[in-house]
**Q** 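Submitted below is the structure of interest, expressed as structure tokens.
Computed over heavy atoms, backbone and side chain alike; hydrogens, waters and symmetry mates excluded.
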Amino acid sequence: MNRSRVLPGAVSLTAAAALLLTGCGGDDSDSSGKGKASGGADAEKSASPSAKRSEAPAIERPAMKFPSDVRLVFEKNELSDPDQAAALNDAQNYARSTVYGIVEQDPENSAYKFYSEAGSDAREYAKSQIRNHSSADFSVAGERSHSDAKVQPGEGADKKGMVVTFCSDESKMSGKDLRTKEKIPFEPGPKNYWLWRIEMVPSKSTDGLWLAQKAKVEDEAAQCR
């Protein structure tokens, strides 16, 4: 069962550590060479892997422009296998797009649909997270970091998919009540550390694009602290 800090139907501000399991952010491109990729208000396009096959056409990805108070930081990973690099990149984009829908307060936002397979558990998960937050006029702010990413071949019969895992740290995140504009910091503790497991499959219609099929997030993940 997928787990996250889902907002209850009636939100109390004291219980407002109700961020979704997923990340906030924008573009992964980083010319600083500091080993991390970040996203914020100046990020308009989803990231694409550096290890792209040169013959693959450019993918028209949805723009995700975040406000200045929402930031994602992804640890850079140099993967030699182009399929693994693409699967990791689009798993991160799936995480971004879920938060982007929350920031936009739009359960039908096109970004998470672009990065998830139609009718999949991952798509329904993203939609439910966005819907729960938007129905309560609640959003997120702050910075979340991601690290320790791993990509492994899928476990299905054809093994065409990839399983992407990574950790996220929400200790610098806050909830945001959109009615009062009040920000409520998350309480310190182990609940701020999450382990993501996203099953990715190649798109049947767009070469080089990978789609989230299943998403599972474990809270209080000991291996992520």
**Q** Are any side-chain N or O atoms of Asn192 and backbone N or O atoms of Phe186, one a donor and one an acceptor, separated by less than 3.5 Å?
**A**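 No, because the side chain of Asn192 does not come within donor-acceptor range (under 3.5 Å) of the backbone of Phe186.
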**Q** Could you tell me the separation between the OG atom of Ser139 and the CD1 atom of Ile130, rounded to the nearest 0.5 Å?
**A**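 The OG atom of Ser139 sits 11.0 Å away from the CD1 atom of Ile130.
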**Q** Applying side chain to side chain contact (heavy atoms under 4.5 Å, CB included), run through Lys160 and Val201 and close with a yes or a no.
**A** CA-CA 7 Å; Lys160 289 183 179 179; Val201 294; over 6 Å; no
**Q** Return the minimal non-hydrogen interatomic distance between Ser174 and Lys183, and the atom names on each side.
**A**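 Looking at all heavy atoms of both residues, the shortest contact is CB-CB, 4.3 Å.
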**Q** Can you find a pair of side-chain heavy atoms, one from Val103 and one from Pro67, that are under 4.5 Å apart?
**A**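 The answer is yes; the side chains approach within 4.5 Å.
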**Q** Starting from Leu195, can I reach Met200 by hopping between I/L/V/M/F/W/Y residues whose side chains sit under 4.5 Å apart?
**A**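 Different clusters.
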**Q** May I ask you to decide if Tyr94's main-chain N or O and Thr98's side chain share a donor-acceptor pair within less than 3.5 Å?
**A**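 Between the backbone of Tyr94 and the side chain of Thr98 there is a qualifying donor-acceptor contact (under 3.5 Å).
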**Q** When rounded to the nearest 0.5 angstrom, what distance separates CG in Asp219 from CD in Glu170?
**A**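 Going from the CG atom of Asp219 to the CD atom of Glu170 covers 10.0 Å.
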**Q** Got a second to check how far Asp169's CG is from Glu143's CD, nearest 0.5 Å?
**A**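 Going from the CG atom of Asp169 to the CD atom of Glu143 covers 9.0 Å.
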**Q** Distance from Phe138 atom CZ to Asn132 atom CG, nearest 0.5 Å?
**A**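 So the gap between those two atoms works out to 12.5 Å.
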**Q** Does Val70 reach the side chain of Tyr100, with side-chain heavy atoms less than 4.5 Å apart?
**A**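 The answer is no, as the side chains (C-beta and beyond) never meet within the 4.5 Å cut-off.
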**Q** Verify side chain to side chain contact (heavy atoms under 4.5 Å, CB included) between Asp69 and Lys176, making sure each step is shown before the conclusion.
**A** CA-CA 11 Å; Asp69 63 351; Lys176 182 195 291 186; 2.8 Å; yes
**Q** Where the side chain of Asn89 meets the backbone of Ala85, is there a donor-acceptor pair that is under 3.5 Å apart?
**A**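 Not at all, since once roles are kept as given, no pair shorter than 3.5 Å links the two residues.
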**Q** State, with a plain yes or no, whether a side-chain heavy atom of Asp83 is found less than 4.5 Å away from one of Trp210.
**A**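 Asp83 reaches Trp210 side chain to side chain.
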**Q** Find the distance between CG (Asp148) and CD (Gln223) and round it off to the nearest 0.5 Å.
**A**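 Between Asp148 CG and Gln223 CD, I get 8.5 Å after rounding to 0.5 Å.
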**Q** Checking ring pair (Phe, Tyr, Trp, His ring centres under 6.0 Å) against His146, which of Phe166, Trp194, Tyr193 comes through?
**A**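 Running ring pair (Phe, Tyr, Trp, His ring centres under 6.0 Å) over Phe166, Trp194, Tyr193 with His146 returns exactly one hit, Phe166.
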**Q** For residues Lys113 and Arg123, determine if any side-chain heavy atom of one lies less than 4.5 Å from a side-chain heavy atom of the other.
**A**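 A side-chain contact exists here, since the closest heavy-atom pair is under 4.5 Å.
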**Q** Assess, by modelled atom type and distance only, whether the side chains of Trp196 and Thr165 contain a donor and an acceptor separated by less than 3.5 Å.
**A**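 Checked: Trp196/Thr165 side chains show no N/O donor-acceptor pair below 3.5 Å.
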**Q** So do Ile198 and Val163 actually touch side chain to side chain, heavy atoms under 4.5 Å?
**A**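 Heavy-atom side-chain distance check fails, nothing below 4.5 Å.
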**Q** Is there a side-chain contact between Leu209 and Phe114, using heavy atoms and a 4.5 Å cut-off?
**A**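 Sidechains of Phe114 and Leu209: in contact.
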**Q** Carefully, step by step, assess Asp121 and Lys216 under the rule side chain to side chain contact (heavy atoms under 4.5 Å, CB included).
**A** CA-CA 9 Å; Asp121 290 346; Lys216 181 179 181 181; over 6 Å; no
**Q** Does any non-hydrogen side-chain atom of Met64 lie less than 4.5 Å from one of Ser97?
**A**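 In short, these two side chains touch, coming nearer than 4.5 Å.
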**Q** Please answer whether the main-chain N or O of Ala111 pairs with a side-chain N or O of Asn109 as donor and acceptor at a distance below 3.5 Å.
**A**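 Yes; at least one donor-acceptor contact below 3.5 Å.
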**Q** Restricting to non-hydrogen atoms, name the atom on Ala149 and the atom on Asn77 that form the minimum distance, rounded to 0.1 Å.
**A**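 Closest approach of Ala149 to Asn77: CB-ND2, 3.7 Å.
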**Q** Would you compute the distance between atom CD of Glu218 and atom SG of Cys224 and round it to the nearest 0.5 angstrom?
**A**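 Glu218 atom CD to Cys224 atom SG measures 7.5 Å (nearest 0.5 Å).
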**Q** Hey, does the side chain of Gln84 reach the backbone of Asp81 with a donor-acceptor pair shorter than 3.5 angstrom?
**A**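 Not at all, since once roles are kept as given, no pair shorter than 3.5 Å links the two residues.
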**Q** Verify, without hydrogens or angle tests, whether Arg225 (side chain) and Glu220 (backbone) share a donor-acceptor contact under 3.5 angstrom.
**A**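 It does hold such a pair.
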**Q** Can you confirm whether His133 sits close enough to Arg131 that some side-chain heavy atom of one is under 4.5 Å from a side-chain heavy atom of the other?
**A**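 No, too far: nothing below the 4.5 Å cut-off.
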**Q** Do Glu108 and Lys127 sit within salt-bridge range, that is, some charged N less than 4.0 Å from a carboxylate O?
**A**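 Yes, this pair counts.
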**Q** Keeping Tyr112 on the side-chain end and Pro107 on the backbone end, is there a donor-acceptor pair under 3.5 Å?
**A**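 Looks like yes, one N/O pair under 3.5 Å.
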